[in-house]
Amino acid sequence: MVSAVSCLSCSIKKLQSISKKWNFTISQLELLVKVGGNEHVSQKQLAEMMFFTKGNITQLIIKMEKEGYLNREQNWKTKYILLTQKGRAVYEQMIPEQRQFFLKRFKGLSIKEQKQFLQLLKKLDNQ
């Protein structure tokens with residue numbers, strides 16, 4: 001158990017160093033990645049993908065919108081979140097480093113093990 005916690009702590013620190021390079025929190029980094037990778041994604045979908053409450057995702061979006069990285073577009077009752085030009089520029093610059101981070105972490109696992117790992121993470125998140 002101690003080894004798992006230590007390994008997770010090390011991964012979180014590395015992810016924090018990537019996010020700090022762009023002056024983001026890990027949640028802001030994840031939001032930018034989700035929006036950049038999912039054109040025309042709704043606020044509700046983002047909350048579900050990130051395992052956030054409606055209130056938490058709203059606050060995060062408002063902050064990123066104020067900083068000029070995101071725009072909200074309302075279509076009837078659905079709010080869609082889009083990257084601004086500034087957000088797209090940052091996304092394009094930082095995604096290769098973020099992708100490398102995860103590829104390096106997962107390279108020792110088979111596809112089956114990767115799927116199991118993600119299922120376990122989801123299970124832990126639901127407790």
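Note that this is a predicted model, so its numbers are computed, not measured. All heavy atoms count here, side chains included; hydrogens, waters and symmetry mates do not.
Linking ILVMFWY side-chain heavy atoms closer than 4.5 Å, directly or via other members, places Leu82 and Ile61 in two distinct hydrophobic clusters. Under the 4.5 Å side-chain heavy-atom criterion for grouping Ile, Leu, Val, Met, Phe, Trp and Tyr, Val41 is connected to Val90 within one hydrophobic cluster.
Side-chain contact check for Tyr91 versus Val35: every heavy-atom pair is 4.5 Å or farther apart.
Listed for the Asn38 side chain is a donor-acceptor partner under 3.5 Å among the backbone atoms of Lys34. At distances below 3.5 Å, not a single donor-acceptor pair connects side-chain atoms of Glu97 with backbone N or O atoms of Met94.
Put simply, NZ on Lys107 and CD on Gln100 are 9.5 Å apart, with the number rounded to the nearest 0.5 Å. Rounded to the nearest 0.5 Å, atoms CD1 (Ile57) and CZ (Phe51) are 12.0 Å apart. Here Glu67 contributes atom CD and Ile62 contributes atom CD1; the two are 12.5 Å apart, rounded to the nearest 0.5 Å. Here the CG-CD distance, from Leu120 to Glu113, works out to 11.5 Å after rounding to the nearest 0.5 Å. Here OG of Ser42 is found 7.0 Å from CD of Glu48. Values are rounded to the nearest 0.5 Å. Atoms CD1 and NZ, on Ile81 and Lys44 in that order, are 14.0 Å from each other to the nearest 0.5 Å.
With sequence neighbours excluded, the residues that form a ring pair (Phe, Tyr, Trp, His ring centres under 6.0 Å) with Tyr80 are His40. Every residue was checked against the salt bridge (Lys or Arg N to Asp or Glu O under 4.0 Å) condition with Lys63, not counting sequence neighbours, and none meets it.
Annotation: Lys21, atom NZ; neighbour count of heavy atoms from other residues, nucleotides and ligands within 6.0 Å does not exceed 12. Summarising the local packing, CD of Gln114 is surrounded by more than 12 heavy atoms from other residues, nucleotides or ligands at distances under 6.0 Å.
A pairwise comparison of heavy atoms in Leu29 and Phe24 identifies N-CB, 4.1 Å as the closest pair. The shortest non-hydrogen separation linking Glu92 to Ile95 is O-CG2, 4.0 Å.
Partner Leu46 forms a side chain to side chain contact (heavy atoms under 4.5 Å, CB included) with one of Leu31, Leu60, Thr58 and no other, that one being Leu31.
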For a quick test of your reading: what N or O donor-acceptor pairs under 3.5 Å do the side chains of residues 68-76 make, sequence neighbours left out?
from	atom 1	to	atom 2	distance (Å)
Arg72	NE	Glu65	OE1	3.1
Arg72	NH2	Glu65	OE1	2.9
Gln74	NE2	Trp76	O	3.0

